[in-house]
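Below: one structure, written as structure tokens.
Here is the naming used below: chain letters follow the sequence lines, and residue numbers restart at 1 for every chain. For clarity, every value in this text was computed on a predicted model and none was experimentally measured.
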There are 4 protein chains.
Amino acid sequence: MPRVGMEPIRRAALVKATIAEVGLKGSLDVTVARIAKRAGVSSGLAHHYFGGKEDLLFAAMRHILTLYGASVRAQLLRAGTPRDRLAAIIRASFGPDNFEPHVIAAWLSFYVHAQSDPGARRLLGIYQARLGSNLTHALRPLASSRAPDIARTLASVIDGLYIRHALGGAPDGPQATARVLALADVLVDAA
Amino acid sequence: MPRVGMEPIRRAALVKATIAEVGLKGSLDVTVARIAKRAGVSSGLAHHYFGGKEDLLFAAMRHILTLYGASVRAQLLRAGTPRDRLAAIIRASFGPDNFEPHVIAAWLSFYVHAQSDPGARRLLGIYQARLGSNLTHALRPLASSRAPDIARTLASVIDGLYIRHALGGAPDGPQATARVLALADVLVDAA
Amino acid sequence: MPRVGMEPIRRAALVKATIAEVGLKGSLDVTVARIAKRAGVSSGLAHHYFGGKEDLLFAAMRHILTLYGASVRAQLLRAGTPRDRLAAIIRASFGPDNFEPHVIAAWLSFYVHAQSDPGARRLLGIYQARLGSNLTHALRPLASSRAPDIARTLASVIDGLYIRHALGGAPDGPQATARVLALADVLVDAA
Amino acid sequence: MPRVGMEPIRRAALVKATIAEVGLKGSLDVTVARIAKRAGVSSGLAHHYFGGKEDLLFAAMRHILTLYGASVRAQLLRAGTPRDRLAAIIRASFGPDNFEPHVIAAWLSFYVHAQSDPGARRLLGIYQARLGSNLTHALRPLASSRAPDIARTLASVIDGLYIRHALGGAPDGPQATARVLALADVLVDAA
DNA sequence: AATGAATGAGGATTCATTCAT
DNA sequence: GATGAATGAATCCTCATTCAT
């Protein structure tokens, strides 16, 4: 059944299957065989296209971050006022694409992985920096010199809500968005 | 050379070694053999005393939470006013015992583990509930009905700062304490 | 881009690439993929033309022996006296075509392979018989009835020098030739 | 069934099984599982004691060379005259311990392996140097300054006879001994 | 109480081979 | 004629766990 031009299709399927497996298991302790099976291919093919398990996990991580970046950009397009921009960034973080149990589980797993893998750490560092700069940028017109500080606090709350969501019993997406946004308002107003 | 009454000593050594290994590796992907070696005993003994790797990890997790609880209590003893109590709780979270790279790494690993292990999840749930109730209790005199809400936000920020510390580049203990306390003040004042 | 009449070209390229890879690796533990890549074709084509890895290796081995036979014949054409013929055979064994590190490495690998593969063993048997008969024939006028015995000894020395060359630190081609020829002279004269 | 003090027994059994398998197969393309099975242990144990396949093969190689060295020393003990010493060395090379099909097959395999493995190459280099120095030493009283040259030739013939024996149809041990010794005599006498 | 010998299941990885295009 | 997509068997290696001593 081999056909030409399958590479991008297979790669996408494998990355998607990796995220699904990691999310399901709640840890990076997944087997290549299971991922491949979920993607509907042989385990050999996963190695053929990605070189090894490590690379596959890395690609999955990058994919999640790419999706996140895309949803932030999508939300920002519709934002007019500075506060709209702020809301857009926060909303993206807790949007249905990102704030879904499996994705959060995968996300958290990657955080742990980043502790021992420099490549993963670099990737997450980029995400954190971008989140911080996005928030700061949106806050600048609202809080001028206090913007970076408030941005840091908001970023921490966002990450904290992620962790809590991963363990269940945390507010859902819209609630989380509202809560962070409310916090932002308080911090901005607290001249 | 076996002597009587060694059990508590061995157990403590193994738990400590487990935390050290998990912290060092940055994940739960540690071997019983390494843990045992670090504890200065055979791998067989680890099973003898704990039943299995899972149980050893669980004991280590419980130990970390116990230490955390103890340091909270210790800080609270010296606290007089409500705000002192609030500061005590936050300070304990970022105290040298808990806010140390290896311990944070272990902590975060356990968070991930809790996603798939109900026992671990229950344990972390208890910690979260206690942190929440401690904070709420301390905030009650300062913010009355808004106390639970503020407590939740503070708890999220604390967890978020933990995550960020695990990846490096985050503020150190005293700075983190100051930042959270400042946030608490703002939230309390924002009537 | 496939064109007609490519078969002999592809076959030759694959055989050459096989010898190169085997020589480079120093063992038959080479992959068809690497060989194919070196030959500038796909791995599928190697199977298409040769049926399988085994057959490809066999073809390569036969090619080496064919080259050797050709160089012996070429040297013999210019030989007049019996001793010239003897020198010609020996010189061919250590000529630049055969006594080159990669070729020797391949040669030795094939010797090992012949231990488990009857086809390869037969091929090497033919080479040994021909070397023996060539030497005996050349020695007959010089040593009459002692010719077969001397031939056997010379053949052994030649093989021994090959082995030693494979591991490095052995004499180069001309030196090896001189040494074996000197030995031949001594043996012939030792009536 | 674990008992104490099994390590040396297991190591010896595994090394012996390795040589047997390599000799049987005629190449280093043997599986750890087969070796372990022949040794009567699990494959895990082979890794436990040797670290990996490579190390196991290396140990086997070293064992063969050790045996060879021992048999040379044993033969030399009974040697009186220089010629006796010469005969002793040659006899050891073709003695029943070393000149046995499986051992020769293993030996030749190791030669090939040495082409790509520096450790193996060093080991064989030591063997070759020792054989050369043994022969030279024994020949010195018989051939003075020509000793090194004759030694080199004899060493080559010995290796050559090994190769030829590996492929079958070569003389047996005593015959090989006699032939090499006769050659030595001729070379010594050929002033 | 403690060891470490031993197992065996499980998993990543490689690679010859097949085959639709 | 030629490709490279795809498979799956084979193999090395790791490691939790058991158990005789």
| query | Could you state the interatomic distance from CZ (A/Arg38) to CG (A/Leu14), rounded to the nearest 0.5 Å? | reply | 12.0 Å

| query | Do A/Leu124 and A/Met61 pass the side chain to side chain contact (heavy atoms under 4.5 Å, CB included) test, and can you show the C-alpha distance, the side-chain angles, and the key distance before you say yes or no? | reply | CA-CA 9 Å; A/Leu124 280 182; A/Met61 190 171 169; 3.3 Å; yes

| field | Opposite nucleotide pairing with E/dT21, Watson-Crick or G-U, both atom distances under 3.5 Å | value | F/dA2

| query | Rounding to a whole Å, what distance do you find between B/Asp29:CG and E/dG11:P? | reply | 13 Å

| field | Along DNA chain E (nearest heavy atom to each residue), the more 5'-positioned of A/Ala33 and C/Val32 | value | A/Ala33

| field | Side-chain donor-acceptor pair present, B/His113, B/Glu54, cut-off under 3.5 Å | value | yes

| query | Among C/Lys53, C/Arg34, C/Lys16, which one satisfies salt bridge (charged side-chain N to carboxylate O under 4.0 Å, His left out) with C/Glu21? | reply | C/Arg34

| request: Can you tell me the pairing partner of E/dA1 across any strand shown, Watson-Crick or G-U wobble, with both distances under 3.5 angstrom? | output: none

| query | Side chain of B/Arg10: nearest nucleotide among E/dA6, E/dA2, F/dC12? | reply | E/dA2

| said: Can you list, in residue-number order, the parts of residues 36-59 of chain D that come under 4.0 Å of DNA chain E, counting heavy atoms only? | reply: D/Val41, D/Ser42, D/Gly44, D/Leu45, D/His48, D/Tyr49

| task | Please assess C/Lys25 against C/Asp29 for the test side chain to side chain contact (heavy atoms under 4.5 Å, CB included), listing each intermediate value before the final yes or no. | result | CA-CA 7 Å; C/Lys25 187 93 191 284; C/Asp29 223 359; 3.9 Å; yes

| Residue pair B/Leu28, B/Phe110: steps toward the side chain to side chain contact (heavy atoms under 4.5 Å, CB included) verdict | CA-CA 8 Å; B/Leu28 297 194; B/Phe110 286 137; 3.8 Å; yes

| field | E/dC15 - base-pair partner by Watson-Crick or wobble geometry, distances under 3.5 Å | value | F/dG8

| message | Without decimals, in angstroms, what is the distance between A/Arg11 CZ and F/dA5 C1'? | response | 14 Å

| request: Could you state the atom-to-atom distance from CD of C/Glu7 to P of F/dA2 in whole Å? | output: 9 Å

